[in-house]
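First the structure, in the form of structure tokens, and then the observations on it.
Labels below follow one simple rule: chain letters A, B, ... track the order of the sequence lines, proteins then strands, and each chain is numbered from 1.
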There are 2 protein chains.
Amino acid sequence: MFSKTCEYAIRALLYIAQQSDAGHKVGFRQIAQAIDAPEPFLAKILQDLTRKGLLQSAKGPNGGFFVAAMDISLAAVVRAIDGDKLFSGCGLGLPNCSETNPCPIHQQFKSVRAQIQKMLQSSTIGDFNDLIAQGLVRLKSA
Amino acid sequence: MFSKTCEYAIRALLYIAQQSDAGHKVGFRQIAQAIDAPEPFLAKILQDLTRKGLLQSAKGPNGGFFVAAMDISLAAVVRAIDGDKLFSGCGLGLPNCSETNPCPIHQQFKSVRAQIQKMLQSSTIGDFNDLIAQGLVRLKSA
DNA sequence: TAAATAAAAGATATTTTTGTCTTTTATTTA
DNA sequence: TAAATAAAAGACAAAAATATCTTTTATTTA
Ligand code: FES
Ligand code: FES
């Protein structure tokens, strides 16, 4: 569904959002540990998210990553990392999905695609702060 | 959503099913042309599908690929090629998606996943024969 | 100002996916 | 049986995704 990069990005943002909510900035090592991601790879992803404005960072002692806008949708994150293929691309990989030139599964796929978009559009990275803080959901395996 | 391999597999099966319905066996070159796929790569995929019984082949003159069972579901094709990650895997890439140890988006994702499965389970490779024969849907771009 | 801290950037490496080429085997028909 | 046809198999190649390592830059605090 999502690329590995995108999975790490979402998990990292959810974690950082929760930590920011609790008043903490976090370093990428700590984030990598919290979401079980490879450190240098995650660092790259965080840099990218920061450049794109989905995340903020501060250098120096007491620095780290933090979230300023809790109302960024998961859809925005997916779009930033994976592009909008998931939201408008053809299910069978054909170019230019359209009503006038549909592939066999176009109608059915279109509706599924809309469901996915709805799900991602209606959740923000701040929506899960409490669940995460209370330990009711996980961001890593172990 | 699906891997490129899986996209080619579905498009190829839909094409072969329609041709079989019309009484024709087809060679992999013709299939590659019909669905706009790289010939040798497609040949590999067809071999794999044949080994797995989703497709039949005949060697020699007047040979080619053909479909014996029109009632194979698209879900079975996806499962054969991409495995069942799409049907039971975690949306955030965590191992062992489960109710008791859910990730933040588990509930929402579970329902989307079920939608996808329903769509793929309720369509068979023979369901589109007429639409394809009438040229009402496409299997390639140009 | 010096030292410590932490992110940013750049170069490099590995793995997986996707795509290609050549040889072999099986089948049919003349 | 010989020739033609077509898939099967195996080795190989390129591209993209994923992951790692090292150096640089900015910031804070003592
Ligand atoms: S054309 Fe394939 S999903 Fe729209
Ligand atoms: S645990 Fe993530 S979708 Fe179920």
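Nearest-nucleotide assignment on DNA chain D puts the 5′-proximal partner with G27(B), out of P40(A) and G27(B).
Pair assignment for dA26(C) gives dT5(D), based on Watson-Crick or G-U wobble hydrogen-bonding distances that are each under 3.5 Å. The partner of dA11(D) is dT20(C), by the rule that a Watson-Crick or G-U pair needs both atom distances under 3.5 Å. Pair assignment for dA16(D): dT15(C), on the basis of Watson-Crick or G-U wobble contacts that are both within less than 3.5 Å.
Relative to the side chain of F28(B), the nucleotides dA4(C), dA7(D), dA8(C) differ in distance, and dA7(D) lies closest. Closest to the K4(A) side chain, of the nucleotides dT18(D), dT18(C), dT28(D), is dT18(D). Of the candidate nucleotides dA19(D), dT25(C), dA8(C), dA19(D) has the atom nearest to the side chain of P38(A). With dA8(D), dA19(D), dT18(C) as the candidates, the nucleotide lying closest to the side chain of T5(B) is dT18(C). Closest to the K59(B) side chain, of the nucleotides dA26(C), dT28(C), dT18(C), is dA26(C). Candidate nucleotides dA8(C), dT28(C), dA19(D) were compared by shortest atom distance to the side chain of Y8(A), and dA19(D) ranks first. Looking at the side chain of N62(A), the nearest of the listed nucleotides dT29(D), dA8(C), dA8(D) is dT29(D).
A cation-pi arrangement is absent between K4(A) and F2(A) under the rule of less than 6.0 angstrom and at most 45 degrees off the ring axis.
Remark: the backbone N or O of L139(B) is not paired with any side-chain donor or acceptor of D36(B) at under 3.5 angstrom. The closest donor-acceptor contact from the side chain of S73(B) to the backbone of Q121(B) lies at 3.5 Å or more, if one exists at all. Using a distance-only test at 3.5 Å, with no hydrogens or angles considered, a donor-acceptor pair links the side chain of Q56(A) to the main chain of A68(A).
Rounded to whole Å, the distance from CD on Q47(A) to C1' on dT24(D) is 12 Å. Taking atom CZ of F41(A) as the reference point, atom P of dA11(C) lies 19 Å away to the nearest angstrom. Taking atom CG of residue D82(A) and atom C1' of nucleotide dA17(D), one finds them 11 Å apart after rounding to whole Å. Atom pair F65(A):CZ and dA8(C):C1' shows a separation of 9 Å (rounding to whole Å applied). For D36(A) and dA19(D), the CG to P distance is 11 Å, given to the nearest whole Å. Following rounding to the nearest Å, D48(B) (CG) and dG19(C) (P) show an atom-to-atom distance of 15 Å. Between the CD1 atom of I45(A) and the C1' atom of dA9(C) there is a distance of 16 Å, given to the nearest Å. In this entry the distance linking CZ of R29(B) with C1' of dT5(D) reads 10 Å, nearest Å.
At the heavy-atom level, A43(A) lies nowhere under 4.0 Å from the strands shown. Within 4.0 Å (heavy atoms only), R51(B) reaches sugar-phosphate atoms of the nucleic acid but no base atom.
Side-chain contact check for T124(A) and D127(A): at least one donor-acceptor pair (N or O, by modelled atom type) lies under 3.5 Å.
At the phosphate of dA8(C), OP1 or OP2 sits under 4.0 Å from a side-chain N or O atom of S57(A).
By the criterion of side-chain heavy atoms lying less than 4.5 angstrom apart, applied directly or through intervening Ile, Leu, Val, Met, Phe, Trp or Tyr residues, L42(A) is not grouped with L94(B); the two fall into different hydrophobic clusters.
Below the 3.5 angstrom threshold, one finds a donor paired with an acceptor across the side chain of K44(A) and the base of dG10(C).
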